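The structure under discussion appears below in the form of structure tokens.
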Amino acid sequence: MNNRTFIDRMAKKLGSDADELQQQVDVFVQALLSQVNAGNSVTIKNFGVFEQKMKAERKIYNPTTKSFNVIPAKQTVGFKMGAALKEKVQ
Amino acid sequence: MEKLTIQNIVDAFVAQTGASKKVAEGLGRAFFDVIIEGLKEDGVVKINGLGTFKLVNVAPRESVNVNNGERIVIEGYKKVTFAPIDSVADVSEVTAVVQKKAKKDAAKTKKPAEKKETKKTVVEDSGQFGGIDSLIATPESAKVVKKAAEKVEKAAEKVTPAKQAEKPVETPKAETVKKEDGNKNNGKLVKALLCIAAVAICILLAVKFCGGRSGESEEAAPVEKPVVEQPKDTVPEQKTYVLQRGDFLAKISREVYGTADSVNAIIRLNKITNPDSIEVGTVLLMP
């Protein structure tokens with residue numbers, strides 16, 4: 001399911017315009033991500049938990065330049081599914 | 001770190017858009033419901049600005065019951081994974097988080113760092129001995145060695161007078177006590193005091209002995225360090241091999257690395273076009 005069908009499906013459910021809904025979803029996603037990026041964990045009932053995750057810095061070898069480069073540590077968003085979601089998707 | 005729920009996100013959404021709470025809650029519920037629907041239908045849901053949810057099969061696996069040691073099979077199941085988009089976190093936020101972590105780490109390592117500093121001072125104090133050893137190695141420095149030796153002797157002299165000075169300070173006390181109190185009861189007290197004085201001297205000597213020993217053990221540390229640093233310097237340097245008659249790449253690889261697996265790497269690095277005929281005397285770069 002791509003973003004288009006996702007928004008269309010939501011619009012059908014809520015009975016609202018797809019373009020408007022897209023904007024609302026963008027704001028909703030930003031609100032979710034800003035909380036997670038601030039280091040908080042966001043629990044969504046019957047779905048799962050969004051959490052901040054740190055990726056440690058690592059060395060990679062570039063075969064063409066034959067040099068070792070360091071990829072710096074970075075922050076990302078992790079997700080763990082909840083027990084209710086696990087049951088639903090089986 | 002706080003534990004938030006969907007309610008907090010809905011509140012933030014309401015504050016930002018000015019929409020009614022009912023609409024916001026409906027949106028939040030529909031958002032995650034449709035994700036579940038999409039997962040059931042296609043197994044994949046892509047959302048702009050967030051990332052991709054995927055349904056992944058987890059294969060059944062064997063495990064052991066911890067209580068009775070029996071083999072059991074954990075059944076396979078489907079798992080929802082989430083891959084965030086690359087720009088999921090702003091750079092400024094990332095650096096803030098990294099700095100926070102660095103501060104935490106610094107706070108943790110503060111105590112060990114202080115210990116290290118004290119150790120360093122000990123090493124510096126005992127550095128005279130190590131200094132002499134290193135100086136002896138160079139031929140010019142005979143005079144310097146003598147001077148340094150004299151210094152050490154002086155230092156040793158300083159230590160011994162200090163010991164002698166402490167002894168007289170404590171023993172006279174005991175003696176004066178003896179003279180003042182002639183009674184039998186006080187005689188016992190005097191004996192006790194003498195014992196305490198003796199124990200004190202013993203402790204002082206022991207402390208000095210231990211101090212000397214720890215100094216010796218720390219002397220070894222600065223000698224070891226440069227040895228460790230040397231291989232670090234040599235690692236970036238390119239290894240080379242001069243080709244001799246009768247050599248072939250597999251043999252060279254076996255000699256240098258112990259296996260013939262690096263042949264292809266050598267060919268690639270040296271851009272060898274025909275590995276079966278290479279001129280004697282060519283310098284090969286080793287990967």
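Since the structure is predicted, the reported quantities are computational estimates derived from the model, not experimental observations. Chain letters run A, B, ... following the sequence lines, proteins first and then strands; every chain starts at 1.
- When each of B:V23, B:L269, B:I9 is scored by its heavy-atom pairs under 4.5 Å with chain A, the top score falls to B:I9.
- Ring orientation note: the planes of A:F28 and B:F13 are nearly perpendicular, at an angle over 60° on the 30°/60° scale.
- Checked options A:Q52, A:E51, A:Q35; the residue passing with A:N40 is A:Q35 (criterion: side chain to side chain donor-acceptor pair (under 3.5 Å)).
- Proximity to chain B involves both the backbone and the side chain of A:L32, based on heavy atoms less than 4.5 angstrom apart.
- Looking at B:K40, only its side chain comes within 4.5 Å of chain A, counting heavy atoms on both sides.
- A tilted orientation is assigned to the rings of A:Y61 and A:F68, their planes being inclined by 30° to 60°.
- For A:K13, the part lying under 4.5 angstrom from a heavy atom of chain B is the side chain only.
- B:T17 touches chain A through its side chain: at least one heavy atom from C-beta onward sits under 4.5 Å away, while N, CA, C and O do not.
- Options A:T5, A:L85, A:D26 differ in how many heavy-atom pairs under 4.5 Å they form with chain B, and the most are formed by A:L85.
- For the residue pair B:V80 and A:M81, the shortest heavy atom distance occurs at N-SD, 3.3 Å.
- Proximity to chain A is limited to the side chain of B:L55, based on heavy atoms less than 4.5 angstrom apart.
- If you tally non-hydrogen atom pairs under 4.5 Å between each of B:V10, B:V44, B:D42, B:I47 and chain A, the highest count goes to B:I47.
- With a threshold of 4.5 angstrom between heavy atoms, A:K66 approaches chain B through side-chain atoms but not through N, CA, C or O.
- The aromatic ring centres of B:F53 and B:F32 sit 6.0 Å or more apart.
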